[in-house]
Each structure stands twice: as structure tokens, then as C-alpha cells.
There are 2 protein chains.
Amino acid sequence: MNIYDIAKKANVSTATVSRVLNNPETVKEETRKKVQKIIDKYGYKPSHIARGLATNKTNTIGIMVPDIRNPFHANSAFLLEQNLVSKGYNSILCNTSEEPEQKLKYFELLNQKGVDGIILLGASYGDKVLEERFEELNKSISIVLINNIIGDNSTFVICDEKNGLDQSIGYLKSKDYKNPIYIQDKQKYITRASVSKKEGFLKAIKKYYPNLINENLILELKEDLEEYEKIIEFLKSNVEVDSIQFEKDTSAIKFLKVAQKYNIEIPEKLAVIGFDNIDLTNYTYKSLSTIDHKIEEHCNIAIDLLIKKMNGETVKNNNYIIPKFIKKETS
Amino acid sequence: MNIYDIAKKANVSTATVSRVLNNPETVKEETRKKVQKIIDKYGYKPSHIARGLATNKTNTIGIMVPDIRNPFHANSAFLLEQNLVSKGYNSILCNTSEEPEQKLKYFELLNQKGVDGIILLGASYGDKVLEERFEELNKSISIVLINNIIGDNSTFVICDEKNGLDQSIGYLKSKDYKNPIYIQDKQKYITRASVSKKEGFLKAIKKYYPNLINENLILELKEDLEEYEKIIEFLKSNVEVDSIQFEKDTSAIKFLKVAQKYNIEIPEKLAVIGFDNIDLTNYTYKSLSTIDHKIEEHCNIAIDLLIKKMNGETVKNNNYIIPKFIKKETS
DNA sequence: CTGTTAGCGCCTTCAT
DNA sequence: ATGAAGGCGCTAACAG
């Protein structure tokens, strides 16, 4: 059942059917009703593919996330998808991993599929090939980055991580914790957010703990239960350390498990703070103090920006969101 | 840059370019190389939209999950997407919620978008309108269900939950736990899996605890920290109860938090068992005993079935996977 | 207000 | 082995 069939049965031209579908106000009520009746009767729905070819629009947005299994990404993808659907768009989800080649591959795929826009969530740091291709695509297709910056012309929404770290370390100071350290995730690819958090931590330490700066403030560890045993050892040989800021909640949550195993009293003997405020932080045996990334705000703004870009409007490229420290039970 | 441009520059017809793209073996090596060189030079990539219109194929699969924020769904969606990509398909992800109207809406959307197939994950139970529409669509488009059965002609991959419950309750018996109960999630829509698990529990109780059957074996509660305080009360007034089987891991994990609050000794005074074996079960303060749903197996089989169906092969409709009880630290 | 018609970019049959 | 041409379903001028 296509537009010709409907036109024939309704005794009008395909143009009229098309108008009823897309600009009902431009067709006389009488014929409109006549056509609509046929449409309803046969349950006719226009093909998005044909429409896409004719209009060069697909009403489809590509969403690229590194890994949907990460609850932070899952939450983002969910919010993005729901918001897009409510605005008449639907979305192709891509798990790009952190590999630049994979991201590149998905860029090309989305481009070939004719998506109207792309939202790219998370990392991608310093890969020349990817950046070059991005710069090109960025001219012909609307792209908005979340938690990422690529080159000089990208539109991005990012979290002001440094501000978040200032809040959490300031809190530790106010609670008289003497010596915070920072656990950084050891990863194959360094990300902007990761660098920014680390710098934010050091800056906050300098501000709140001016006499503390030494090389041992930062441990770089794989996000892994066994690896985290090293933290226990570290704590034993650095008894003054009484608080830990993790790069993200998932890491902190894994550490809580290890800490429990060694009967470390949290928060009395050790404060633990995560970053992101994923839902899970409420379900650990002590709910995890964390820094709310305000992901929903990121997503909503990103979509607003994207839609404006797709409509040809110019938008502000640099968009920062201030996160918020949330005290729970581990600090 | 389209196929005409390439044809012109290569001094051949569009048909030849198309052949180089799709059936390279049918074109003389010399011309093939000539054309390919032009294609590479201009980085030409054919439009999936035009191709879709011409071939009536999109190489796109719709993946419908109730809510990607649920880690079980996220994991499934990830596995499905990765597997599909490796086979040359890409996927549109839909968060359908549990509402039948939403699912219906997404069915229509995917249909309009011309997806080659659909994988529907999870619930949908007893909604007539949805079922009717499903039966219709099921004739014209390849659909495979995971964890769900709709009508009599659907192809599905489901978990043999009863077997899983038999394993877990059998284990409790072997460890001399005296009185297991079952916590069912109170939800707006009852699902096949939910019913099957409950029945499996009752059946296993009858088998391993023949003298125990009473109305108090099953509590129906919302998946919610506050609501779970009721379990604590229940345990106080039913001191013989020493083990709980939850409907799924996420519920059990929330309960662990409540149990911790009341200093309930797990597993000494109370065994707790989940269902699904999501990653998180390894990171609770005591890792959660659970029943491995074998989701990867589900996904792989579902995709194999789907691809066969899309190729017009007939497949086995009823596919059962046997789950596996995994003892961890809470039992 | 409505109809005619020429694309949109690609594939595919039918000739050659 | 290659080219010519029609068609996929819809939209959007342009006429009328």
C-alpha cells in the first residue's frame, strides 16, 4: 500500500495525499476528510525511506556512546532517546567503544544512513584521523558533543569537573579530613574529562590543603577489584590518608566492596567519594557520596542545541554545566 | 557525490559502478580497478537510503527493550548491537517502556523505517491490540522475541526460569536452610517471566520443602528501598524464614542495602538470591548469589534465528535456554 | 485548491 | 562485460 494506491482509491492525485499527510491545512476540508478516511481504512503509513530520499531528511539522530553497559552511558542514552522521540526524532544507537577507528566507522555509517544529526557522548582524545574526519563531517551534518571537545569548531556540552572537585575537596576539608588522595582509572585512552578531573583535584588540594602537595596524591589503577587491593596496601603504609576521591562512581563502588572485605570503617576512618551520581550510588551498603554530573541537563541542552543546528540556527559552541557535590553516607 | 558523478568520472555507466560496489566479480578487472580508484579518490559511499528504496532492504534491525537503564537490558542491547554490527547490520534502539501503546508505536515506527527485522526483548503480556498487530507484522517482517511469547506463531528465545528456581531452591535445601520465601516485584504489567519464576519457586518448594506450603511464601512488593522495610518486619514476625529468592538481581541488591541497615547477618541468618547474574552482583558488599540468565546465549541465538528468518529460512520457534545457579557470598 | 511531473540515488532487468 | 532505462515511494515546484 503506497501513496499511489491511496490516491487512486481516494480519486485524487498523489500530491494531494502527500499534502494531507504533511500540510493538511492546505487542502480543502472535504477532500482532506475523504483522503484521510482512505488512509485510516487501509492503515497506510508513508515509507520513511522514500520520504528520506525525497526530502534529504530522515528524522533520525545517531547516538554514539562508548559502551551502553556503563550505567552512566545507559542513563544518558535513555534520556536522549526519550527526549528525541518526544520531538519527533528517533535514534540509532552505536556502541563505539573507545577505539578511534570504531568511532570513525560509526561516523561513516551514520553519514551513509543519512542521519540528520549526531550526538557523541564521551571520550575521544587526540586522535588525528578521527579529528580530521570530524572537522569535515561537522560542516555537512549537525553534531553535538557531550563531555567532549574536538578541535575548535565543535559544539559541546561539558561538565565543569574542576568545580565539582572543588566542592568535594572543600567538603572534606570542612569535615576535617586530613589527607585526601585521588584514584585515577588507568585506561587505554586518556579523556578530556579524566584530565580535567585530575587537574581539578590538584587545584582543589592546593586551595584547601596548601601544605600537602606530594607525588603520592594520585594513584592510577585499573578499575578492577584485584587491582584495588593495592589501595589497601597504600593505606597501610600511608596512615595519614583518610579520604579518597574516585574518578567515577563505578570505580568507587568497586572499591567499597574491597574496603568492606578489609573492614575499613567508612566514613569514620576513610571517606570515599565518587563522580557522576549514578543510581547505584544509592544502593551500595553505604550510599556513596558523589558529585552529580547532572546528566539530564547535559542531554536536554545537547538536544536543544542539536535541533537548532539542524534548523540552520547558529548556537553557542561552548556549554558548561556546573555539577553538584552530594553528601551521602560514605563521607 | 553520487553514483552518477562517479560513473561520469570513471567513464562508465552507473550500472557498472553499482556492480563494482555490489558484485565486483561480475566486472572486468581493468574497469573495476578504474572505477574503484575514482571511488576511493572521492571517498564515495553509497546512500543507504537510496539503496533501501531500490532494494527494499535497510540492513537495519530494530531492538526494542523496555528500559535501557536496566542493566540487564543494557547488557542485552550491547550484546545484540555488537553481534549485529559484526554481521553487517546496524540497529535502532527503542526504549518502549512496558506500556503496550508505546510498544505498538515503536512497532509502527520500525515498520515505517523499513527495518529488516526486529528483536523484542522482555515483557508484553496479554494486551489484545498489541498481540493482534504483532501477529500481522509477524507475517511481513522477521521478528524474534527474547524472554517473551506472543500468540502461537512467534519465534522466541526464553529462559527456563523454572529450572533456575529448581536449582536455587535445591541449593538452599542442601545447605539446610529451613524456610525460603519469594519476593515478587509489584508491577503494572505482569510478564511471562515473572509468572514463570513464581510458579517455578512454588514447584521447587513443593519438591524440596514438601511440608512448607502456605500463603505467606510470596510477598509482592514494589522494587523500592522503603517498601523493602516491610520485608524486615515480615522477618521479625516470621522468625523461621531464613532465605529469600528475589525475582531479579536489581531487587535483591536493593534489599541487601536494607538488610545491612538492620544488621542482618547474611548468609548466616538469611540467604539472599537474585536472578539474572548482572555484573553488579559482584560488587555488592557481599557478592550476590544469583541465577545466571545466560543473556549472551539468548542474544546470539536470537540473532541467528533472526538472520535465518530474514533469509526466508524456517526456524524453530520455541527456543529454551537453561539458566545456572551461581553461588556467591549471600547464600 | 488540486494535478502533473520531475527528481531524490541507487539497483536491476534487458539489451547489446 | 557493459549500457540504457525503468522503478522504488514520496515530495515539491510549477501549472492550472
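These numbers come from a predicted model, not from an experiment. Protein chains get the first letters and strands the later ones, always in sequence-line order, with residue 1 at the start of each.
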Atom pair distance, as rounded to whole Å: NZ in A/Lys57 and P in D/dC10
19 Å

How many Å lie between CD1 on A/Ile49 and C1' on D/dG9, as a whole number?
10 Å

With a non-hydrogen cut-off below 4.0 angstrom, is B/Asn22 in contact with a base, only sugar-phosphate, or nothing?
sugar-phosphate

Atom pair distance, as rounded to whole Å: CD in B/Glu29 and C1' in D/dA1:
14 Å

Of the candidate nucleotides D/dG3, D/dT11, D/dA1, which contains the atom at the shortest distance from the side chain of B/Lys28?
D/dA1

Please state how far atom CD1 in A/Ile3 lies from atom C1' in D/dT11, giving the value in whole angstrom units.
8 Å

Taking NZ, NE, NH1 and NH2 as the nitrogens, is one of them in A/Lys33 or A/Glu29 under 4.0 Å from a carboxylate oxygen of the other?
yes

Using the side-chain heavy atoms of A/Thr14, tell me which of these nucleotides is nearest: D/dC8, D/dC10, D/dT11.
D/dT11

Could you report the tightest heavy-atom contact between A/Arg51 and A/Pro46, atom names first, then the distance?
NH2-CG, 3.2 Å

Listed nucleotide nearest any side-chain atom of B/Thr31, set D/dA1, D/dA13, D/dC8
D/dA1

Heavy-atom count check: over 12 atoms from other residues, nucleotides or ligands less than 6.0 Å from A/Glu296 CD?
no

Using a cut-off of 4.0 Å on non-hydrogen atoms, how would the nucleic acid contact of B/Val17 be classed: base, sugar-phosphate, or nothing?
nothing

When you list every nucleotide of DNA chain C with an atom under 4.0 Å from a heavy atom of chain B, which one comes first 5' to 3', and which comes last?
C/dG9 to C/dT13

Can a side-chain donor-acceptor contact be found between B/Lys113 and B/Thr60 if the only test is distance below 3.5 angstrom?
no

To check you understand the geometry: which heavy-atom pair defines the closest contact between B/Thr58 and B/Gly114, and what is its length?
OG1-O, 2.8 Å

Which nucleotide in the list D/dA4, D/dA1, D/dG9 gets nearest to the side chain of A/Ser47?
D/dG9

Rounding to the nearest 10°, end axes of the helix from C/dC1-D/dG16 to C/dT16-D/dA1 built from five pairs each make an angle of 40°

Nearest-angstrom distance from the residue atom CD of B/Gln112 to C1' of D/dG9:
13 Å

Going by the angle between their ring planes, with limits at 30° and 60°, are A/Tyr320 and A/Phe156 parallel, tilted or perpendicular?
perpendicular

CG of A/Asn23 versus C1' of D/dT11: gap in Å, rounded?
10 Å

For A/Arg32 and for A/Tyr4, find the nucleotide of DNA chain C with the closest heavy atom, then tell me which residue's nucleotide is more 5'.
A/Arg32

Closest-nucleotide mapping onto DNA chain D: is B/Asn11 or B/Leu53 further toward the 5' terminus? I mean the 5' end.
B/Asn11

Contact under 4.0 Å: A/Tyr44 side-chain N or O vs D/dC10 OP1/OP2:
yes

Check whether any side-chain N or O of B/Asp127 sits under 3.5 Å from a backbone N or O of B/Leu130 as a donor-acceptor pair, and report yes or no.
yes

Going by an N to O cut-off under 4.0 Å, is there a salt bridge joining B/Arg133 and B/Glu136?
yes

Could you check whether the rings of A/Phe72 and A/His293 sit parallel, tilted or perpendicular, using 30° and 60° as the cut-offs?
perpendicular

Residues B/Lys105, B/Glu108: salt bridge by 4.0 Å N-O rule
no

Would you kindly give the CG-to-C1' distance between A/Asn2 and D/dT11, to the nearest whole Å?
14 Å

Atom-to-atom span, CG of A/Asn56 to C1' of D/dA13 - whole angstrom
17 Å

